[in-house]
Number of protein chains: 2
Amino acid sequence: MTSPPPHGRTELSLTPVEAPPQLRADAARNRARLLEAAARLAAEQGAANLTMEAVACAAQVGKGTVFRRFGDRPGLLLALLDHQEQRFQEAFMSGPAPLGPGAPAGERLHAFGPAALRHEDAHRDLYLAAVQPDPARRHTVPARLVRHTHLAVLLREAGTDADVELAAQTLLGYLDTGLVHHLLTVRGLPLARVEAGWHDLVSRMLVRGH
Amino acid sequence: MTSPPPHGRTELSLTPVEAPPQLRADAARNRARLLEAAARLAAEQGAANLTMEAVACAAQVGKGTVFRRFGDRPGLLLALLDHQEQRFQEAFMSGPAPLGPGAPAGERLHAFGPAALRHEDAHRDLYLAAVQPDPARRHTVPARLVRHTHLAVLLREAGTDADVELAAQTLLGYLDTGLVHHLLTVRGLPLARVEAGWHDLVSRMLVRGH
DNA sequence: ACTATAAACGGACTTCGGTCCGGTTAGTTG
DNA sequence: CAACTAACCGGACCGAAGTCCGTTTATAGT
């Protein structure tokens, strides 16, 4: 059994309401060094080949420190993605329409897919490397919850008569990083087709009284 | 780079057309012993806690033998599931209607969800433990391909005007073991609601000219 | 400043998945 | 039946994730 660290709580960031953990000065410095080292190594040799020990070593820090700060490997990768993820979240939560507020919910839903697709495409290897191996935890990642809530709100707002909870999961599943990667790379589908599939799926979710 | 073993090819079973690898006598004996030991250990202490070494040891066999035969841990777990999986495949490919042939494609699609849900529910821990950690390989598991093809055929037969390839992936995603487990266990949704969600989703996939 | 203490540190250690390779054996061929 | 070989076997070995615990240090309170 793993008990949570005494106070440092290993980065649950990215949930909307976030109390800054207020790290000790040295801890904050090491955290920054670790992220920088991780980013550099990931860029050099690919995120998939990143080892925790290499990061610790490159940051001139003990291995235990990495784990105390980030919990585990996915935790570190997620922290690396955090910045990008925040930019994407801002885009659909407070950015310009039709992705952001201002457009009708239906249009925002349609805009969400291509935006997410392109966003993840730009950081593919990092997103793929950050996937939780444990199927249970994959669905409790903060970033996923945010997207789920967003989609659920839009669906309700658009007046769907589907079960919003489940419909949002369906939409989220369609955008799953691993699935998209498989469709694009392994199966070789053009991006346009996957986007078209999204639009069709959204439309179907909004059809009423079938 | 991992090159495939000389002849024994580590179990790609469960693809419809299957050439029996024709193992040597001792190899076949050890394979059986390993599966039996694995099944016993999985039942005793949970599939999630199964270690390859423990299986090897319990089967009175070297560790290398386990890996040569099954490739890796997911491979072993998949082999353990193979029998159950085959029974399920028979049920929807040649069993009684409405799941099997005989009923109209639409009805068969509706029947598929609850059947899959209940089937995986009965072997939950094994299915969860057998999930490939690597997101790329998760989509190339033979059992998944079979289901995908089946759903695609039914969708086309039912005359959907959606992109069958993508629609089948969407349906498959809705039934994802990890997702369903999360919805049922973590979120606490009743099974009936998830089943209702399936029926709604299938209906939407079959709506025409929206 | 001084002290107390919660937090952080590092790196040895454990565990487990997966690989390697020298030795063994089933099955085939003459 | 002998010899040959392809497949098989075992277990030492390796790399990486994650844990543990004795030591150090930042900071708050006096």
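Here is how names work: the chains are called A, B, and so on, in the same order as the sequence lines, proteins then strands, and each is numbered from 1. Here the structure is a predicted model, which is why all the values come from computation and not from measurement.
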5' priority, DNA chain C, between B/R73 and B/A25 [closest heavy atom]: B/R73
Distance below 4.0 Å between B/N30 side-chain N/O and D/dC9 OP1 or OP2: yes
May I ask you to check whether A/Y127 and A/H181 place their ring centres under 6.0 Å from each other? no
Which residues share a ring-ring contact (aromatic ring centres under 6.0 Å, His included) with B/H139, sequence neighbours left out: A/H182
Among C/dG18, D/dA16, D/dG18, which nucleotide has an atom closest to any side-chain atom of B/D72? C/dG18
Would you mind classifying the nucleic acid contact of B/R24 as base, sugar-phosphate or nothing, using non-hydrogen atoms under 4.0 angstrom? base
Looking at D/dG10, C/dA8, D/dT19, which one has an atom nearest to any side-chain atom of A/R68? C/dA8
Does B/V146 form a side-chain contact (heavy atoms from CB on, under 4.5 Å) with B/E85? I'd like the steps, not just the answer. CA-CA 11 Å; B/V146 172; B/E85 186 66 28; over 6 Å; no
At 4.0 Å (heavy atoms only), tell me whether B/L50 reaches a base, stays on the sugar-phosphate, or touches nothing. sugar-phosphate
What nucleotide, of C/dG17, C/dG10, D/dG10, holds the atom closest to the side chain of B/M52? C/dG17
Rounded to whole Å, the CZ-C1' distance (B/R29 to C/dT25) equals 11 Å
Figure out the NZ/P separation between B/K63 and C/dC16, and round it to whole Å. 10 Å
Less than 4.0 Å between a side-chain N and a carboxylate O, is that true for A/D176 and A/R138? no
Taking the minimum atom-to-atom distance to the side chain of A/T51, which one of D/dA17, D/dC8, C/dG10 wins? D/dA17
